[in-house]
Number of protein chains: 2
Amino acid sequence: MEEQSEAMGSGISGREDWREEKHEQHAQVQVSEQTDNGEAHQYDVNKYERPSVTVDVLMMSLRQRDLQILLIKRRAWPYEGMWAIPGGFINMNESLESAAKRELQEETGVQDVYLEQLYTFGDPGRDPRTRVITVVYFALLDSERLQVRAASDAADVGWFSVYELPQLAFDHQEIVDYALNRLRNKLEYTTIAFNLLPEQFTLRELQRVYEIILHKRLDKRNFRKKILSTNILEDTGAKKMEGTHRPARLYRFNPAAEHKL
Amino acid sequence: MEEQSEAMGSGISGREDWREEKHEQHAQVQVSEQTDNGEAHQYDVNKYERPSVTVDVLMMSLRQRDLQILLIKRRAWPYEGMWAIPGGFINMNESLESAAKRELQEETGVQDVYLEQLYTFGDPGRDPRTRVITVVYFALLDSERLQVRAASDAADVGWFSVYELPQLAFDHQEIVDYALNRLRNKLEYTTIAFNLLPEQFTLRELQRVYEIILHKRLDKRNFRKKILSTNILEDTGAKKMEGTHRPARLYRFNPAAEHKL
DNA sequence: ATAATAGTGTCTGTGAGACAGTATTCT
DNA sequence: AGAATACTGTCTCACAGACACTATTAT
C-alpha cells in the first residue's frame with residue numbers, strides 16, 4: 001500500500017500547543033498537612049521537578065480495505081518532518097480520557113468513538129526536549145463517519161497503513177506495534193471489531209475487518225458459523241446490493257447480547 | 001481472613017517523600033526551537049502547569065493460602081489512618097519501570113520479581129492535594145523470598161487479603177479490582193502464576209495458586225492433565241515430604257518451553 | 001490399620017478448522 | 001450464458017469438564 005496523505009481538517013493539532021501557547025507560571029499551590037506528631041507543615045506541590053504529561057491518541061480506521069492510522073507531520077525540532085501520533089498536554093482539570101477525547105475531536109471532529117487506554121510510555125530520553133510521560137489511548141473509528149471530514153485539506157495530517165508506515169518520530173513505532181498487538185488480541189475475545197464498522201454491515205464486511213487486522217485469510221463458513229452462533233448479530237431485514245451479484249444481508253450489532261467471542 | 005499487619009522493614013516508604021523532602025525549584029530548561037518560518041523561539045518547559053506523576057506498585061503474594069497485597073498506613077491528611085498502595089514520585093532520570101523497581105526494593109527489599117504496568121489513573125480530584133497522575137504497576141512475589149524480610153517490625157506496613165481489604169485511601173480499591181482482574185485473565189493464557197511460587201513446587205501447590213487467585217476450586221485430574229500436557233514443567237526428581245502421607249514430586253518451571261496455556 | 005494427601009484414566013460434549021457446491025443478482 | 005459474490009453443512013480432532021479409585025507415607 002502506498003502512503004496516504006489525505007485531507008483532514010481543523011488545523012490545530014495537539015502538538016501545536018507545544019510551540020504556540022503563552023507562558024504560564026506554575027501555580028504555587030499550598031496545602032497544609034499534619035505530620036505524625038501533629039506539627040503543621042506546608043505541603044508544596046512544586047517541591048519536585050516534574051515531568052510533562054501528554055496524552056497521545058492513536059486513531060485507527062479501516063480505509064480502502066486497509067488498517068490505517070492518523071499521523072501528523074512534525075514541523076519543528078525534534079524529528080522535524082517526520083510523522084508522529086497526535087497528542088497534547090493534559091489540562092489540569094480534565095481526566096486522561098477527556099484529554100484523549102479532546103484530541104480526537106480536534107483531529108477528526110468525531111465524538112463517541114471507541115476509546116481505550118493503551119499504555120503509558122515514559123522512558124527518560126524518549127523526547128530530547130525534556131522528560132515527557134505520555135499516556136497513550138487508541139481510538140477505533142468507523143470509516144463511514146470519517147468520510148465527512150475527508151473534504152478539507154492539510155498537508156501535515158494523513159492516514160497511513162499500519163503495514164506501510166514511514167519512519168515515525170520518538171518511540172511512536174513501538175506504540176503502534178503495541179496497539180496492533182492489543183487490537184489483535186482483543187479481536188479474538190471481545191466485540192471490539194464492531195467499532196470499525198458503520199451501524200449496518202454485511203457478514204463479509206465483518207469478516208474483512210478480522211482479515212485486515214489479523215492480516216490473514218479466514219474461512220468464510222467457519223467465520224459465519226462462529227459469529228452467528230453467538231447471537232450478537234441482528235438481521236436488519238435489509239440487504240446490500242452492489243455490483244452484479246447476489247445481494248448480502250445487512251446485520252446490526254446487538255450489544256444486549258453480552259456474549260463474548 | 002483477618003487482617004494481616006506483619007512486619008516489613010526498611011523504614012522509608014515512597015509516600016514519605018511526599019512529606020519529608022526539601023523544597024526544590026523547577027529547573028528552568030530552555031531549548032531553542034525552529035518554527036515553520038525559520039524564526040527562532042525559546043521553548044520553555046515550564047509553560048504549562050503540570051500534574052504530579054507518581055508510580056504506585058501493587059505487590060501481590062501468596063501468604064497463608066491467601067492472595068495478599070502490601071499496604072501502607074497513611075499518617076497524614078488526606079485519608080489519614082487509612083491503608084494505601086505504596087508509591088512515590090518519579091525521579092526525572094528514571095524510567096517508569098525503574099521507579100517501580102525502586103519502590104519494590106524500598107518496601108520489600110526484593111529484586112528481580114515479575115513486574116507489569118497495570119494502568120494509569122489520573123482523574124482530577126483523585127487526590128485532594130493536587131493533580132496526581134499515577135502509573136500503577138503490579139508485582140508478583142514468591143512467598144519464600146519474602147519470608148526473609150518478615151522479621152523486622154513496622155506498624156504501618158502490612159499484608160492484607162485481597163478478599164478482606166480495609167477501606168483504602170484514594171481510588172486504591174479500584175486499582176486493586178483492576179489488578180485482580182488482570183491477574184485472573186493472565187492466569188488463563190500465560191505462565192504468570194509461576195512467579196508466585198518458589199523455584200521448586202508441587203503440582204498441588206501450583207493448583208492452589210490458581211484456586212486462590214480464581215477464587216474457585218479446580219478439579220485435580222483436569223488441572224494436572226492440562227498443565228502437564230503443555231510441557232512447561234520439568235520434573236526435578238526430588239520429592240517434597242511433609243506430613244503423614246505420600247510425598248509429592250517437585251517440579252520446576254521450564255521457561256524454554258514457550259508453550260502458552 | 002488409619003489418616004492424609006499424591007497420583008491416575010475415561011467418557012462426553014463443544015468448538016475449531018478443513019473442505020465444495022448451490023443461490024441470486026446483473027449484464 | 002457468464003460473471004461475481006452470497007450463502008450453506010459435514011466431518012474430524014483437540015480440548016474442557018465431570019467423575020472415583022489406587023498409591024504411598026508416617027504413626
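Protein chains get the first letters and strands the later ones, always in sequence-line order, with residue 1 at the start of each.
When side chains are defined from C-beta on, A:Leu233 does not count as touching A:Asn254, because their heavy atoms never get closer than 4.5 Å.
A:Arg246 places its CZ atom 5 Å from the P atom of C:dT24, with the value rounded to the nearest Å. Here C:dG17 presents its P atom at 7 Å from NZ of A:Lys226, a figure rounded to the nearest Å. Separating the NZ atom of B:Lys240 from the P atom of C:dG7 is a distance of 12 Å, rounded to the nearest angstrom. Atom CZ of A:Arg249 and atom C1' of C:dT25 are 15 Å apart (whole Å). Rounded to a whole Å, the CZ atom of A:Arg204 is 20 Å from the P atom of C:dT24. As a whole-Å value, the separation of B:Glu211 CD from C:dT5 P is 14 Å. As rounded to whole Å, 13 Å separates atom C1' of C:dT5 from atom CZ of B:Arg217. Rounded to whole angstrom, the span from the CG atom of B:Asp219 across to the C1' atom of C:dC11 amounts to 14 Å.
The two residues B:Val110 and B:Gln105 make their nearest non-hydrogen contact at O-OE1, 3.7 Å.
Place A:Leu228 and B:Lys225 on DNA chain D by their nearest nucleotides, and A:Leu228 ends up nearer the 5' end. A residue-by-residue look at B:Pro247 and B:Thr244 shows that B:Thr244 has its nearest nucleotide of DNA chain C further toward the 5' end. Of the two residues contacting DNA chain D, namely B:Arg221 and B:His245, the nearest-nucleotide position lying further toward the 5' end is that of B:Arg221.
In summary, the aromatic rings of A:Phe194 and A:Phe201 are positioned with their centroids under 6.0 Å apart.
With C:dG7, D:dC19, D:dA26 as the choices, the nucleotide that has an atom nearest any side-chain atom of B:Asn222 turns out to be D:dC19.
Base engagement by A:Arg224 is indicated by at least one non-hydrogen atom pair under 4.0 Å involving a base atom.
A salt bridge between A:Glu97 and A:Lys101 is present, with a side-chain N of the basic residue lying under 4.0 Å from a carboxylate O of the acidic one.
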